[in-house]
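Numbering of ligands and ligand atoms starts at 1, following listing order. Sequence positions, counted from 1, serve as the residue numbers for this chain.
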Amino acid sequence: MTAAHAPGKVILFGEHAVVYGRPAIAVPVQQVSATAQVTSLPNSGGDVWIEAPDVGFASWLSGAPPGQPIARMVRLVLEALDVPSPPALRLRVTSTIPIASGLGSGAAVSVAVGRALSQHLGRPLPPDQLSALAYEVERIHHGTPSGIDNTVITFETPIYFVRGEPPIVLRPARPFHLVIADTGEPSPTRLAVEGVRRMWEAEKERVEQIFDGIARIVESARGALERGEPWLLGPLMKENQALLESLALSTDRIRRLAEAAEAAGAGGAKLSGAGRGGNVIALVEPASAPGVIDALKRAGAVRTILAEVKP
Ligand code: PMV
């Protein structure tokens, strides 16, 4: 049996603008993960039995619809490894990453599957190839993903990312802590991305200026991280949140959680990922974290994760 894992992720700064060529910063979240287990099935014909109990999916590869994301990843991996007919395998996929909440569950499942399958077949895929295959699967979810999710999840390190360019590994000179709070409002990325696209088409100049503002925040955040001044991220989060508000990506619940976190001592808070629900992230000190978590729960967060971001 071969098992492999992939972490969740959050986007710290730059979501949405990253689809339009601006930079973004994302970090892995090791507290949640996807797991893929591959076992050989010696007595069956050449097919892969796929089971993913968390999403209620179970099927032979041969019978899975072409757009099923796990089956798509399996096919892409077999193709990349030049395996002409599917080997007799059982693939079990589980995940503790909440779905459609901006934590990268889809990309993490793809990366875990690609890792486990290629390792089991004795030819582990190098990270850039694994990330590229996971990107192909991301395209099922929405047509124009920036590629930030599959990249940060494959490399498992903080990254500064520009679409179409090799990712730059960020080394925060000082670790820092985030509380990630789930609004409980699921938000499919595709719909949020389409909403921004419509706004961009209708008011290109205004929306481009917002993207430029977000890009400046990302540059400031990169500098703060590299200089070891993570406390500067708080005000930058507030600024980024205001710009995401003006892209109509916030909701009452997001605002309520961000305000509650800040009132309880967080340095700043913002939505993370697609918005219109999903997760809020808040910058905390270890000492203020319990109070912030408590305030977020009282304000309606359905789940919180305390994550440490390290180089
Ligand atoms: O997958 P999520 O929910 O973290 O959102 C992805 C971030 C976007 O910038 C909105 C889309 C993209 O492809 O980068």
Side-chain angles (χ1 to χ4, degrees), residues 6-29 32-34 69 95 97-111 131-132 134-155 158-165 167 178 180-200 207-208 210-215 217-218 221 237 240-241 243-251 253-254 270-281 303 305 307 309:
K9 72 98 203 10
V10 287
I11 297 180
L12 273 191
F13 296 99
E15 49 275 274
H16 287 285
V18 70
V19 176
Y20 297 78
R22 277 33 167 225
I25 295 173
V27 300
V29 176
V32 287
S33 60
S95 173
I97 309 174
I99 293 166
S101 65
L103 288 176
S105 64
V109 164
S110 297
V111 170
S131 181
Y135 177 79
E136 285 307 308
V137 181
E138 289 291 282
R139 292 181 52 186
I140 298 173
H141 302 295
H142 72 105
T144 58
S146 62
I148 191 167
D149 280 24
N150 48 285
T151 305
V152 66
I153 285 168
T154 305
F155 289 88
I159 57 162
Y160 171 95
F161 179 87
V162 177
R163 185 175 192 165
E165 294 180 11
L178 294 172
I180 304 163
D182 193 341
T183 59
E185 301 173 299
S187 172
T189 303
R190 185 175 58 81
L191 298 182
V193 169
E194 280 171 10
V196 173
R197 172 72 55 178
R198 277 193 296 276
M199 194 182 273
W200 179 77
V207 174
E208 283 285 329
I210 295 173
F211 292 157
D212 287 340
I214 293 175
I217 292 170
V218 171
M237 282 173 150
N240 197 162
Q241 170 63 19
L243 293 176
L244 291 164
E245 282 272 357
S246 65
L247 293 172
L249 292 163
S250 204
T251 62
R253 264 200 229 190
I254 290 173
K270 64 182 276 293
L271 69 84
S272 174
R276 292 186 169 189
N279 277 283
V280 168
I281 54 174
R303 163 223 286 262
I305 297 166
V309 181

State which residues pass salt bridge (charged side-chain N to carboxylate O under 4.0 Å, His left out) with Arg139; sequence neighbours excluded, sorted by chain then number. Glu136

Please tabulate, one line per pair, the protein N or O atoms found under 3.5 Å from any N or O atom of ligand 1, giving the distance to one decimal.
residue	atom	partner	partner atom	Å
ligand 1	1 (O)	Asp149	OD2	3.0
ligand 1	3 (O)	Thr189	OG1	3.3
ligand 1	3 (O)	Ala274	N	3.1
ligand 1	4 (O)	Lys9	NZ	2.7
ligand 1	5 (O)	Ala274	N	3.4
ligand 1	9 (O)	His16	N	2.8
ligand 1	13 (O)	His142	NE2	3.4
ligand 1	13 (O)	Ser146	N	2.8
ligand 1	13 (O)	Ser146	OG	3.4
ligand 1	14 (O)	Ser146	OG	2.5

Under a 3.5 Å threshold, yes or no: a donor from one side chain and an acceptor from the other, between Asn150 and Ser131?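 Asn150 vs Ser131: donor-acceptor pair found between side chains.
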
Among all residues two or more places apart in sequence or in another chain, which pass the side chain to side chain contact (heavy atoms under 4.5 Å, CB included) test with Glu165? Val162

Atom of Val152, atom of Pro28 and distance for their closest heavy-atom approach: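 Looking at all heavy atoms of both residues, the closest pair is CG2-N, 3.8 Å.
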
Could Lys270 and Glu15 be called an ion pair, given the rule that one side-chain N must be under 4.0 Å from one carboxylate O? yes

Taking only residues two or more places apart in sequence or in another chain, which ones pass side-chain hydrogen bond (donor to acceptor under 3.5 Å, both in side chains) with Ser250?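 Partners of Ser250 under the side-chain hydrogen bond (donor to acceptor under 3.5 Å, both in side chains) test: Gln241, Glu245.
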
